[in-house]
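Residue numbers start from 1 in every chain, and the chains themselves are labelled A, B, ... in the order their sequence lines are given, proteins ahead of strands. Note that these values count all heavy atoms, side chains included, but never hydrogens, waters or copies made by symmetry.
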2 protein chains.
Amino acid sequence: MVRLSKKVEYGLIAIGHIATKPTGEIVTAKEIADAYKIPYELVAKVLQKLTKSGLIVSHQGVRGGYALTRNPGDIPVSMIINAIEGMQPVIAQCMSDGPESCTVFTVCTIKSPLIKVQANIERAFSTMMLSEIV
Amino acid sequence: MVRLSKKVEYGLIAIGHIATKPTGEIVTAKEIADAYKIPYELVAKVLQKLTKSGLIVSHQGVRGGYALTRNPGDIPVSMIINAIEGMQPVIAQCMSDGPESCTVFTVCTIKSPLIKVQANIERAFSTMMLSEIV
DNA sequence: CCATATACGACTGAACAGGTCCTATTTTGG
DNA sequence: CCAAAATAGGACCTGTTCAGTCGTATATGG
Ligand code: SF4
Ligand code: SF4
């Protein structure tokens with residue numbers, strides 16, 4: 001399987017929703033959860049990760065919520081995924097966990113072709129800006 | 001996570017190994033398992049799937065084994081993956097399991113951009129031939 | 001002070017992946 | 001004819017991951 005996690009999908013939808021609002025406008029997790037029928041706790045957790053990475057800022061308390069910190073055209077999708085997953089999406093174990101993580105690394109014949117595919121995917125995600133997915 | 005399964009990796013390595021031999025030469029599952037230190041049963045199972053898909057032919061009994069059915073330059077990697085997984089690798093649920101499979105499908109804002117990434121990946125795998133990964 | 005909102009970790013159940021095991025069946029060489 | 005070598009294919013086990021839930025703490029506007 002080669003699939004994006006729901007966390008990432010929900011995160012992209014959520015930050016995309018925030019991006020549709022005028023810059024600086026505050027959006028609550030509940031509003032997003034309701035708008036897309038996503039479990040509130042999941043959205044909340046993802047938004048917290050995005051906050052920790054600095055892509056959005058949070059305001060606690062009554063009338064609190066989240067807002068973008070910069071222009072949607074300046075946020076590559078890869079950065080959002082990275083913030084949520086803690087790493088780039090990689091198609092093979094040895095690319096993220098190092099050579100020692102795979103028992104067949106030394107005799108593996110498919111490493112270099114897979115690295116090309118990997119580069120392909122990374123380029124796709126890093127050239128795609130948040131402004132393009134709203 | 002967006003990762004190729006070990007089955008696919010082992011399958012690519014295995015059929016790559018067969019491709020290094022002169023056309024028509026028969027290779028046993030045991031030989032491949034030994035050469036790459038991959039569990040025999042896994043290699044065997046993957047080779048059986050490749051056989052069912054017609055990419056390789058099998059010969060049972062003593063002196064049996066597997067052999068390619070066509071030139072490695074004519075076998076796209078996507079076809080090998082497809083044979084092993086039973087489908088193309090897709091990055092989102094709705095692309096393989098249909099719109100109904102995802103609860104947020106109707107309000108999902110990220111479908112179309114993800115479809116572009118998907119097309120990108122598919123092109124990468126379908127233009128890469130077995131002959132390139134040996 | 002209290003309703004509303006974020007922060008954050010623990011927990012659960014289901015699904016999946018990787019790997020093992022077991023039993024057929026086919027085929028060849030002796 | 002028979003034993004060994006090889007594919008065929010399913011059942012099973014086990015650890016991990018994933019999606020989702022819960023509980024509790026903290027901040028803050030009014
Ligand atoms: S070494 Fe080869 S088999 Fe192992 S993870 Fe990397 S690409 Fe996959
Ligand atoms: S509809 Fe959107 S969220 Fe659901 S699987 Fe497709 S892309 Fe992912």
For this session: Tell me which residues in residues 99-111 of chain B put a heavy atom below 4.0 Å from DNA chain D, sorted by number, or none.
Result: none
Problem set entry | Same cluster (ILVMFWY, side-chain, under 4.5 Å), A:Met87 and A:Ile84 | no
Exercise. Can you pull the contact range of chain B along DNA chain D, 5' to 3', using atoms under 4.0 angstrom from its heavy atoms?
Worked result: D:dA4 to D:dC18
Problem set entry | Stepwise salt bridge (charged side-chain N to carboxylate O under 4.0 Å, His left out) test for B:Lys116 and A:Glu132 | CA-CA 11 Å; B:Lys116 286 181 199 157; A:Glu132 300 174 49; 5.6 Å; no
Exercise. Any donor and acceptor pair, going by atom type alone, linking the side chain of A:Thr69 with main-chain N or O of A:Leu55 inside 3.5 Å?
Worked result: yes
Problem set entry | Whole angstrom value for the distance that separates C1' of C:dA17 from NZ of B:Lys49 | 12 Å
Seminar exercise, completed: By nearest-heavy-atom nucleotide on DNA chain D, the more 5' of B:Lys52 and A:Glu85 is B:Lys52
For this session: Rounded off to whole Å, could you give me the NZ-to-C1' distance for the B:Lys7 and C:dG19 pair?
Result: 12 Å
Exercise. Would you say B:Val107 and A:Val8 are hydrophobically clustered, going by side-chain heavy atoms of ILVMFWY under 4.5 Å?
Worked result: yes
Problem set entry | Pair A:Arg3 + A:Glu9: basic N to acidic O under 4.0 Å | no
Problem set entry | Residue mapping more 5' on DNA chain C - nearest nucleotide basis, A:Val27 or B:Lys6 | A:Val27
Exercise. How long is the line joining CD1 of B:Ile13 and P of C:dG18, in whole Å?
Worked result: 13 Å
Seminar exercise, completed: Whole-Å distance, A:Lys30 NZ to C:dA5 C1', equals 11 Å
Exercise. Side-chain heavy atoms under 4.5 angstrom apart, residues restricted to Ile, Leu, Val, Met, Phe, Trp, Tyr: same cluster for A:Ile115 and B:Val117?
Worked result: yes
Problem set entry | Counterpart residues, side-chain contact (heavy atoms from CB on, under 4.5 Å), relative to B:Val77 (two or more places apart) | B:Leu12, B:Ile81, B:Phe125, B:Met128, B:Ile133
For this session: To the nearest 0.5 Å, tell me how far B:Leu68 CG sits from B:Lys21 NZ.
Result: 12.0 Å
For this session: Could you check if a side-chain atom of B:Val27 sits within less than 4.5 angstrom of a side-chain atom of B:Tyr66, using non-hydrogen atoms only?
Result: no
Problem set entry | Below 4.0 Å: OP1/OP2 of C:dA7 and any side-chain N or O of A:Tyr66 | yes
Exercise. Has the side chain of A:Thr51 got a donor or acceptor atom that lies under 3.5 Å from a matching backbone atom of A:Val57?
Worked result: no
Exercise. So which of residues 38-48 of chain B are in contact with DNA chain D, with a heavy-atom cut-off of under 4.0 Å?
Worked result: B:Tyr40, B:Lys45, B:Gln48
Problem set entry | Cation over ring face, B:Lys111 and B:Phe105, 6.0 Å, 45° | yes
For this session: Determine, using the 4.5 Å side-chain heavy-atom cutoff (strictly less than), whether A:Val104 and B:Ile32 are members of one ILVMFWY cluster.
Result: yes
Seminar exercise, completed: Sorted by chain and residue number, the side-chain contact (heavy atoms from CB on, under 4.5 Å) partners of B:Lys45 (sequence neighbours excluded) come out as none
Exercise. How does protein contact run along nucleotides 24-30 of chain C, one letter per nucleotide 5' to 3', with B for base contact, S for sugar-phosphate only, - for none, heavy atoms under 4.0 Å?
Worked result: --BBB--
